[in-house]
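One structure below.
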Amino acid sequence: DLARVTREVRDPAVFNAASCATYLLERTQAVLEHGTTHYLPQDQREEQALADAAPRLAQALFDFRVTLKDRLGEFARHRDPDPACVTAVIRALRYARFIEELLVEWWLGRTPAGGPYPVLAGPRPVLMVSRGEGAYQPRSGDILLARNDSFVSAAIARISDEEGQFSHAALVHVDAAGQVWVLESLIQRGAVATPWAEWTAHPPVRVLVKRHPDAATAARAADWLHRWIDRRAAAGADPAPYDFFMDFADDAELSCSELVQFAYRESSGGQTRLPRFASSLGELAQHPFVQALGIRQPTLYSPSDFETDPNLVTVAEWRDYSRTAHSRIQDAILTSIFRWMTDQRYALTYRGLSQGLGNLYWEVLRPTGLGARWVQPNMTRGFFTTILALRSVTRGLERELVALDDRQRRRTGWGLDYQTMLTRLEELRRQDCAAALAKRREARASPFLSEPPLGAIPLLFHQYLDVPAEVGDCPER
């Protein structure tokens, strides 16, 4: 199936700007409906054959993603492709990466490949290099797209209408002395230049390298940005703060994606603008969750948008396969939460111990300077309390999925596929909703209690995320 689809994607008579969206959506829908378990080996002979072929198949999946992205670039040479085509490409890239990672996780469970390996180093399939074998060599202007192992990273990656798989973007700079730097904007520190050795000492789960085809343009962007960061430091100014509001019209504060965009735009006199396609927040843009974060615009540029930019070339991708499964679990949880918010009118309740401690910190301890290393001065209280509230929701769901994934791995060697996780999360929501409604009825029936004590509610997450009472009850089905 993969070989045939790859041939068809390369064939303009089959896959072109007109057929792009329909062709890809038909095939991704088939994968979604079947689930990856449909493609698993059925006996020991098939299992051994798959184990023998796994590295080659993983490379083929990576090559397919490179080919698909290149075809999108061909469509975009003269005019912007149909947005439905861009969306379908994003989805296909995401599905192919999930399948590739599931396959390699299973294969490494049977055939340990050593490691751990440094970031952007190691053998195939830990490191995939586009168009042939070889090591990755950092080049000035390379764009690093990373996914870190935290629920905040998952929220950044999944908040768009069509979910992405990256939560951070950064720019590589190789200075005149040959030292490699990573130029990035961090929530905790703002815009900084981090030595390569320091950056790679805290490895992300996944790193994708994108490259501008014009080496001079790329090098100029990296050099310009590094000098801009150094000038601020030399003048005694604090680093440019992180932009929590994701306001791409204002350069006074810069998110990670904004910083990369800023470097390429300013160094080229406005001629180079990346990424080409923005993400839409869709219905979530008007939800109280996004409003509380301080995001006011319905579109933004996320780190994942660099992956599908037609002007950027895919160079390499590296993964820490000991953590990819956990990041996939986080992705499924955040995708489900955001769907419950938009489709079923769920909202954060801002209740619980974490909220109490967070309010204590904000009102009493933050003014003393405690925690200033992690909480920037421009972070709003709305952002701070909303992130704490979101974390309260994810804990129980994460515990349930991790346990389910562990049981399946012990039984079959395979992790949970994405559709199975989404299905299980919906089952958990319905069960927890039923328990919440039972408790609510119990409270209403009592002449002494308007609401049961929080500690007495044996709920998974509805004490932290629920349909507001003035809107109605959570749907049990």
Side-chain angles (χ1 to χ4, degrees), residues 119 138 140-148 150 152-157 159-160 164 166-173 175 180-196 198-204 206-210 212 218 221-235 237-267 272-275 278-279 293-295 297 299-307 309 312 372-380 383-384 387:
V119 175
S140 276
D142 281 355
I143 299 170
L144 305 178
L145 305 180
R147 169 60 200 277
N148 292 307
S150 74
V152 174
S153 294
I156 293 171
I159 199 170
S160 303
F166 298 97
S167 57
H168 187 57
L171 201 60
V172 173
H173 181 229
D175 65 21
V180 182
W181 300 81
V182 177
L183 315 177
E184 57 187 342
S185 183
L186 301 171
I187 288 177
Q188 307 94 326
R189 298 169 60 196
V192 295
T194 306
W196 180 263
E198 181 181 332
W199 195 82
T200 57
H202 305 282
R206 178 190 301 124
V207 182
L208 177 68
V209 184
K210 305 293 289 189
H212 195 281
D223 182 66
W224 183 92
L225 182 59
H226 202 163
R227 287 188 288 107
W228 180 81
I229 291 172
D230 284 349
R231 281 198 304 272
R232 288 184 64 100
D238 290 332
Y242 186 88
D243 183 7
F244 294 97
F245 303 128
M246 305 294 170
D247 183 359
F248 283 76
D250 182 2
D251 297 331
E253 299 177 353
L254 298 161
S255 68
C256 61
S257 296
E258 280 180 273
L259 188 70
V260 175
Q261 185 184 70
F262 176 63
Y264 270 94
R265 185 187 70 233
E266 295 301 307
S267 65
T272 303
R273 294 182 175 270
L274 304 172
S279 289
L293 292 176
I295 301 173
Q297 58 282 351
T299 61
L300 50 79
Y301 293 99
S302 75
S304 296
D305 292 328
F306 290 98
E307 181 177 18
D309 189 295
L312 298 175
R373 178 180 176 185
W374 299 280
V375 182
Q376 283 210 334
N378 67 324
M379 181 186 288
T380 65
F383 184 94
F384 179 77
I387 291 301

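Quantities reported herein were computed from a predicted structural model and do not represent experimental measurements.
In this structure, D251 and R265 have side chains that are in contact, with non-hydrogen atoms separated by less than 4.5 Å. For the pair L171 and D142, the minimum side-chain heavy-atom distance is 4.5 Å or more. Contact check for W228 versus L259: side-chain heavy atoms found under the 4.5 Å cut-off.
When the side-chain contact (heavy atoms from CB on, under 4.5 Å) test is applied to S267, the partners found at least two apart in sequence or on another chain are R220, A221, W224. For the side-chain contact (heavy atoms from CB on, under 4.5 Å) test, residues two or more places apart in sequence or in another chain that qualify with D223 are H173, R227. Contacts of S160 classified as side-chain hydrogen bond (donor to acceptor under 3.5 Å, both in side chains), with partners at least two apart in sequence or in another chain: S279. Residues meeting the salt bridge (Lys or Arg N to Asp or Glu O under 4.0 Å) test with D230, sequence neighbours left out: none. Not counting sequence neighbours, the partners of N378 by the side-chain hydrogen bond (donor to acceptor under 3.5 Å, both in side chains) test are E253. Applying the side-chain hydrogen bond (donor to acceptor under 3.5 Å, both in side chains) criterion to T380, with sequence neighbours excluded, gives no partner residue. The ring-ring contact (aromatic ring centres under 6.0 Å, His included) test applied to F306 returns no partner, not counting sequence neighbours. Under the rule for a side-chain hydrogen bond (donor to acceptor under 3.5 Å, both in side chains), the partners of T194 that lie at least two apart in sequence or sit in another chain are E184. For S153, the side-chain contact (heavy atoms from CB on, under 4.5 Å) criterion is met by R147, N148, S150, S167, not counting sequence neighbours. The ring-ring contact (aromatic ring centres under 6.0 Å, His included) search around F244 returns Y242, F383, not counting sequence neighbours. Applying the side-chain contact (heavy atoms from CB on, under 4.5 Å) criterion to P239, with sequence neighbours excluded, gives V192. In this view, E258 satisfies the salt bridge (Lys or Arg N to Asp or Glu O under 4.0 Å) rule with no residue, not counting sequence neighbours.
Of all non-hydrogen atoms in A191 and I229, the two that sit nearest each other are O-CG2, 4.2 Å. Contact record, L274 with H212: CD1-CD2, 4.4 Å, taken as the closest heavy-atom pair. The heavy-atom pair separating S304 from G164 by the smallest distance is OG-CA, 3.3 Å.
With Q297 contributing its side chain and F245 its backbone, the two residues share a donor-acceptor pair below 3.5 Å. Under the 3.5 Å distance criterion, the side-chain polar atoms of R273 are left unmatched by any main-chain donor or acceptor of Q261.
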